[in-house]
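Numbering starts at 1 and runs along the sequence shown.
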Amino acid sequence: MRFAVLVLERLERWTTGVCLVIAVLCLLLLSCCCLYQVVSRFVLEEPLDWSEALIRSLMIWAVFMAMPAAFREGAMVSVDILPKLVGEKRAIVVGALAGLTITLLAFVSWYGWAILPRVRFQTVAGLGSSIAWVYLAIPVGTTLSILSVLANAIAAHRSKISDKSLELGL
């Protein structure tokens, strides 16, 4: 069991790092495209027909690639009052919320994978590429976010165990 948890944590750490690098590269490329679009439109007076579609696609990928890191770091919108209200039952509540989050992410991931074959022949206006490449960000981001939520729940459980052992003097 410990080996499986160790493998899960290392896999999650690696995938989250890769996702964060991809998100940063998407934002960098997005910013460059925005600047180029503004210059071409207002300075050169020749607007580009592909830049807005590319910017929109990169923004979608950046958001879904940053999701795993946001879940892992606890940067999503949270309710701070909940742990104070539940007190001793915190582990149960955290486990239930993690389960609910994983269920929602699995649902979105499932339908994200299911829609890909249906949209593969549609093209992104201005780019000419399949819109399935844009939609692919949804299942990839949510699937990797499941790993992050699971690793976060395991870390919370471990900290609860270590807090209890400190209280007992172990």
Flag, side chain of Ser109 to backbone of Leu105, donor-acceptor distance under 3.5 Å: no
Candidate pair Thr16 and Leu144, rule side-chain contact (heavy atoms from CB on, under 4.5 Å), full reasoning: CA-CA 7 Å; Thr16 300; Leu144 295 172; over 6 Å; no
Interatomic spacing from CD in Glu12 to CD1 in Ile146 - rounded to 0.5 Å: 12.5 Å
Hydrophobic cluster identity match, Leu20 and Met65, side-chain contacts under 4.5 Å: no
Shortest non-hydrogen separation from Met67 to Gly141 and the atoms involved: CE-O, 4.2 Å
side-chain contact (heavy atoms from CB on, under 4.5 Å) between Val18 and Ile22, worked out: CA-CA 6 Å; Val18 169; Ile22 292 171; 3.9 Å; yes
Student check: side-chain heavy atoms of Val5 and Glu9 closer than 4.5 Å: yes
Ala137 to Ile60 - nearest heavy-atom pair and separation: CB-CG2, 4.1 Å
Same apolar cluster: Leu150 and Trp14, side chain cutoff 4.5 Å: yes
Audit row: Leu147, Phe71, side-chain contact (heavy atoms from CB on, under 4.5 Å) steps and yes/no: CA-CA 9 Å; Leu147 279 177; Phe71 273 116; over 6 Å; no
Gap separating the OG1 atom of Thr142 from the CD1 atom of Ile102, nearest 0.5 angstrom: 12.5 Å
Separation between CZ of Arg120 and CD of Gln122, rounded to the nearest 0.5 Å: 11.5 Å
Same apolar cluster: Leu48 and Leu29, side chain cutoff 4.5 Å: yes
Gap separating the CG atom of Leu58 from the OG atom of Ser51, nearest 0.5 angstrom: 11.0 Å
Stepwise side-chain contact (heavy atoms from CB on, under 4.5 Å) check, Trp113 with Leu136: CA-CA 7 Å; Trp113 288 113; Leu136 183 63; 3.7 Å; yes
Interatomic distance, Tyr135 atom OH to Phe64 atom CZ [nearest 0.5 angstrom]: 11.0 Å
Exam field: side chain Arg10 to backbone Val7, donor-acceptor pair closer than 3.5 Å: no
Heavy-atom neighbours of Trp50 CH2 exceed 12 at 6.0 Å: yes
Non-hydrogen side-chain atoms of Leu116 and Pro139 separated by less than 4.5 Å: yes
Nearest heavy atoms of Ala53 and Ala125, plus distance in Å: CB-O, 3.3 Å
Backbone N/O of Ala69 and side chain of Ser148: donor-acceptor pair under 3.5 Å: no
Minimum heavy-atom distance between Ile131 and Val119, given as atom pair plus value: CG2-O, 3.5 Å
Closest approach of Ala62 to Ala23 (non-hydrogen atoms, all atoms of both residues): O-CB, 3.6 Å
Verify same cluster id: Val149, Leu8 (apolar side-chain graph, 4.5 Å): yes
Atom of Cys26, atom of Trp61 and distance for their closest heavy-atom approach: SG-CB, 3.9 Å
Donor-acceptor contact below 3.5 Å, side chain Thr143 vs main chain Val140: no
From Leu30 atom CG to Leu35 atom CG, the distance as rounded to the nearest 0.5 Å: 11.5 Å
